[in-house]
Structure formats: C-alpha cells, structure tokens
Amino acid sequence: MRTSPGTASAPAASPRTPAGAALASLGVPVPAPSPEDASRHAFPDGGRWRTEVPSVEGPEALETVVREAERLDVPLHRISQGSGVWMLTDAEISEMVAVCAERRVELCLFTGPRGTWDTGASTRTDSGGAGLRARGQDAVAGCVEDALRAAELGVRCLLVADEGVLWLLHRLRAAGRLPAETTLKVSALIGPVNPASYAVYERLGADSLNVPSDLTLQHLTEIRRSSPAPLDLYLEAPDDLGGYVRMYEAAELIRRAAPLYLKFGLSKAPGIYPYGAHLRETTLATARERVRRGRLALDLLERLGAADGMSPLGSRLPGELSRFPVPEG
C-alpha cells in the first residue's frame, strides 16, 4: 500500500535536491539552499502545506474527485469551484457541503458575476482590462448576494476576485452577517505579485491568497517576508494562467512559501467555466486527472524526503492575521 505524506507531527526529514548526488559526482553540484530563504511561518496546526483540487464544478465532479482521491491515496484539505455560486442550485450546494463535511474537506465556492462574463469588452483586449473584477454596483451586489446565500447553505470558504468585494465580505464577517469561521480566498487572476500588495490583501480580509503561478522563488521569498497569510499556488497551472508545470519545485516552494496550499491544476485542458451539462464529460475527466497530478506531486515529495510537514486532514483555518480597522456602523 502506498504511504501517505508525513503530517505536521512527523519528525522532520532531510530533503535532498533532485539528482543532487548524481550531479555532484559529475562535478556539477547543486548549490545548497540558504536558510535565509526559508519561510518562518506555518499554519496554526503546525503544518507547512496543505492540498487543494480546483475546478470541482458540482456534486458529480466532487464525487469523482473524492473517489479518485481515495483510490490514489491523495489527501484533500480543500476543493474549490470556479464557475460561481450563482451557477449551482441550492440542492447542489447543500449536497457538496454535506459530502465535504463528511470527509472533513473545506469547500470553497466562487462569488458572483465578474468582468470576463459581462458586457464589457476590455477583458477581451490584449491588455486584459479589469480582468475578473466586479464591474459596477450590480456586480458587487451579486457577489455579496452569492456569499450570503452560500453561507446560509453551510459554505465556509468563499473565492473572491475583487478587492472591494473582499473588503465588504470581511466587514460583513466582522459584523456577524457572515459566520466568523468563514474564510476568504483571493483568486489567482487578481492575485498579488509583490510583497506590498500581498500585505494589503491580507489587511483587506484575505485568509488565503492565490498568487500567479509564474512568480519566481525569490518573489515568493519576498512575499513571505511581508506576511504570514497562507499562499496558494498551482503546481500545474491551467493554460489561461500560463500552463506552467512546477512539480519539481514543490519541495522548494514549501520551504520558501509556507504556509502553502499546493494546487493540483491541469494544463492542456479545455476551459469549463461557466460549467453546465454540455461540459460534463470534460469536467469529470479533468477532475480525475487533477487528482492523479496530485498523486504524482506527492510521490515526488516522498522520493525527495520532503513530504513531512503536511497539515492534519480537516485543518482549514489560517491563524491570526493583520487587518485594517473595520469602520463602525
């Protein structure tokens, strides 16, 4: 039986670099990692990394992911959906909440309408315009409506693609209109790319920040020195995020960027947002393959002796973070 990655309570291993000994024997040694680059932060449970399977677009895709994760022994901390709360019925959301609660997996649903789907043309220009952000007050209201509806149905993690929406949802959480245990996750398509902006997102209410997958190791080190907020990163990014495959960097990404969610994305796959039954076969096939990609990444961590430090299954909270003062009233 395949062994699972080490947990936060396991003794620390001494990771090796890929092919380090073989290359050293040929006179091409790999430089030793600098302790100065290592993150000094962790999740509140002591773990340094967790897992996430994205693009899980409904109950059937969720069941597919769960079955495949059990078959391949892939631990799941979080699954996330990209089409949005508004693309799911109450019954579908309730079913997903129940499945995730039974398996102690965090369910994260995307909030509301966003710029890539509305009437604005700027997002389809070469510059990308305002990207996923909520265009106008109606779009903001739609995002907040989605958040309130999802929370009423038991969802406790919301994916956000607009700074203003993030701040409003954090204020609603502070006021008790959203449950206190609700976590807010920043989308990769508005994710910060420098330490100053990363710290601002944390203060706006972000509990988990998906940064673009093309940031260098040095960029991640700089970000981690500015904030302890959990960072999300695609080990393999969808094509519309660049299609990067960074599997061999997984151990170094954890070392530099902890606390870190390893996201098991998939390149060379058709887009499935917004999801509907016409995309069923593609969605289920890509869901299975995302889990398999996760198994490949975990196997690599184990071979390198770098699998220790995974958060216990069922862990979801980010720990104490810094916030801007919330105005009264």
Side-chain angles (χ1 to χ4, degrees), residues 41-45 50 52 54 77-88 90 93-94 96-98 100-101 104-114 132-134 136-192 197-211 226-232 259 261 311 314-329:
H41 301 292
F43 289 107
D45 53 60
R50 296 174 181 169
E52 178 179 340
H77 290 89
R78 176 198 283 163
I79 72 96
S80 57
Q81 174 252 19
S83 295
V85 173
W86 60 333
M87 298 301 294
L88 294 167
D90 285 5
I93 294 173
S94 296
M96 295 178 77
V97 167
C100 286
R104 300 177 65 222
V105 176
E106 182 171 53
L107 171 65
C108 189
L109 301 185
F110 219 133
T111 52
R114 42 204 192 259
L132 286 182
R133 289 168 175 83
Q137 180 67 11
D138 287 348
V140 170
C143 290
V144 174
E145 177 71 17
D146 266 4
L148 294 171
R149 174 179 166 230
E152 288 177 358
L153 294 169
V155 176
R156 293 295 179 265
C157 183
L158 301 168
L159 186 50
V160 184
D162 185 277
E163 300 90 334
V165 171
L166 174 64
W167 178 236
L168 291 174
L169 295 183
H170 174 59
R171 289 174 62 187
L172 288 171
R173 178 174 58 183
R177 296 292 302 276
L178 286 173
E181 68 272 21
T182 301
T183 54
L184 304 175
K185 170 178 161 63
V186 170
S187 166
L189 291 183
I190 68 159
S197 59
Y198 195 94
V200 168
Y201 276 104
E202 176 194 347
R203 285 160 175 78
L204 286 172
D207 301 291
S208 180
L209 293 91
N210 204 140
V211 300
S226 75
S227 166
L231 185 149
D232 309 343
Y261 280 89
S311 280
S315 302
R316 59 174 298 272
L317 295 178
E320 186 174 350
L321 300 174
S322 297
R323 309 299 194 194
F324 289 129
V326 174
E328 297 181 2

Whether Thr111 side chain and Leu159 backbone form a donor-acceptor pair below 3.5 Å:
yes

Look at the side chain of Gln81 and the backbone N and O of Gly84, then say whether any donor-acceptor pair between them is shorter than 3.5 Å.
yes

Going through the distances and angles, do Phe110 and Ser187 end up as a side chain to side chain contact (heavy atoms under 4.5 Å, CB included)?
CA-CA 9 Å; Phe110 219 133; Ser187 166; 3.8 Å; yes

Take atom CD of Glu181 as the centre, draw a 6.0 Å sphere, and report whether it contains more than 12 heavy atoms from other residues, nucleotides or ligands.
yes

Going by distance alone, is a donor N or O of one side chain under 3.5 Å from an acceptor N or O of the other, for Arg156 and Thr183?
no

What one should report as the nearest heavy-atom pair of Val97 and Leu153 is CG2-O, 3.5 Å

Using every non-hydrogen atom in the two residues, find where His41 and Pro259 come nearest and quote the distance to one decimal.
CB-CD, 3.6 Å

If you round to the nearest 0.5 Å, how far is CD1 of Ile190 from CZ of Arg133?
5.5 Å

Between CG on residue Leu158 and CG on residue Asp146, distance to nearest 0.5 Å
9.0 Å

Distance (rounded to the nearest 0.5 Å) between Leu88 CG and Met96 CE:
6.0 Å

Is a side-chain donor or acceptor of Arg177 paired with a backbone partner of Arg173 at a separation under 3.5 angstrom?
no

How close do Leu204 and His170 get, counting heavy atoms only, and between which atoms?
O-CB, 3.4 Å

Is a side-chain N or O of Ser94 found less than 3.5 angstrom from the main chain of Asp90, in a donor-acceptor match?
yes

In short, Pro230 meets Tyr261 closest at the heavy-atom pair CB-CE1, 4.2 Å

After noting the C-alpha distance and the side-chain angles of Arg323 and Glu202, does the key distance pass the salt bridge (Lys or Arg N to Asp or Glu O under 4.0 Å) rule?
CA-CA 7 Å; Arg323 309 299 194 194; Glu202 176 194 347; 5.6 Å; no

Identify the two heavy atoms, one from Val211 and one from Tyr198, that lie closest to each other, and give their separation to 0.1 Å.
CG1-CE1, 3.8 Å

In this structure, OG of Ser80 is separated from CG of Leu109 (nearest 0.5 Å) by 9.0 Å

Which atom of Ala229 lies closest to which atom of Ser227, heavy atoms considered:
N-OG, 3.1 Å

Closer than 3.5 angstrom, by distance alone: can the side chain of Asp207 be matched with the main-chain N or O of Pro318 as a donor-acceptor pair?
no

Does Cys157 reach the side chain of Thr182, with side-chain heavy atoms less than 4.5 Å apart?
no

Going by atom types only, do Asp232 and Ser208 share a side-chain donor-acceptor pair under 3.5 Å?
yes

Using only atom types and a distance under 3.5 Å, with no angle test, would you say the side chain of Asp162 pairs donor to acceptor with the backbone of Ala134?
yes

Partner of Glu106 under side-chain hydrogen bond (donor to acceptor under 3.5 Å, both in side chains), picked from Lys185, His77, Arg78, is Arg78

So which of Leu166, Val165, Asp138, Val160 actually passes side chain to side chain contact (heavy atoms under 4.5 Å, CB included) with Cys143?
Val165

What is the distance from atom CG of Leu178 to atom CG of Leu184, rounded to the nearest 0.5 Å?
7.5 Å

Just do the side chain to side chain contact (heavy atoms under 4.5 Å, CB included) check on Ile93 and Arg149 with the steps written out, would you?
CA-CA 10 Å; Ile93 294 173; Arg149 174 179 166 230; 3.8 Å; yes

Salt-bridge criterion met for Arg50 and Asp45 (N-O under 4.0 Å):
yes

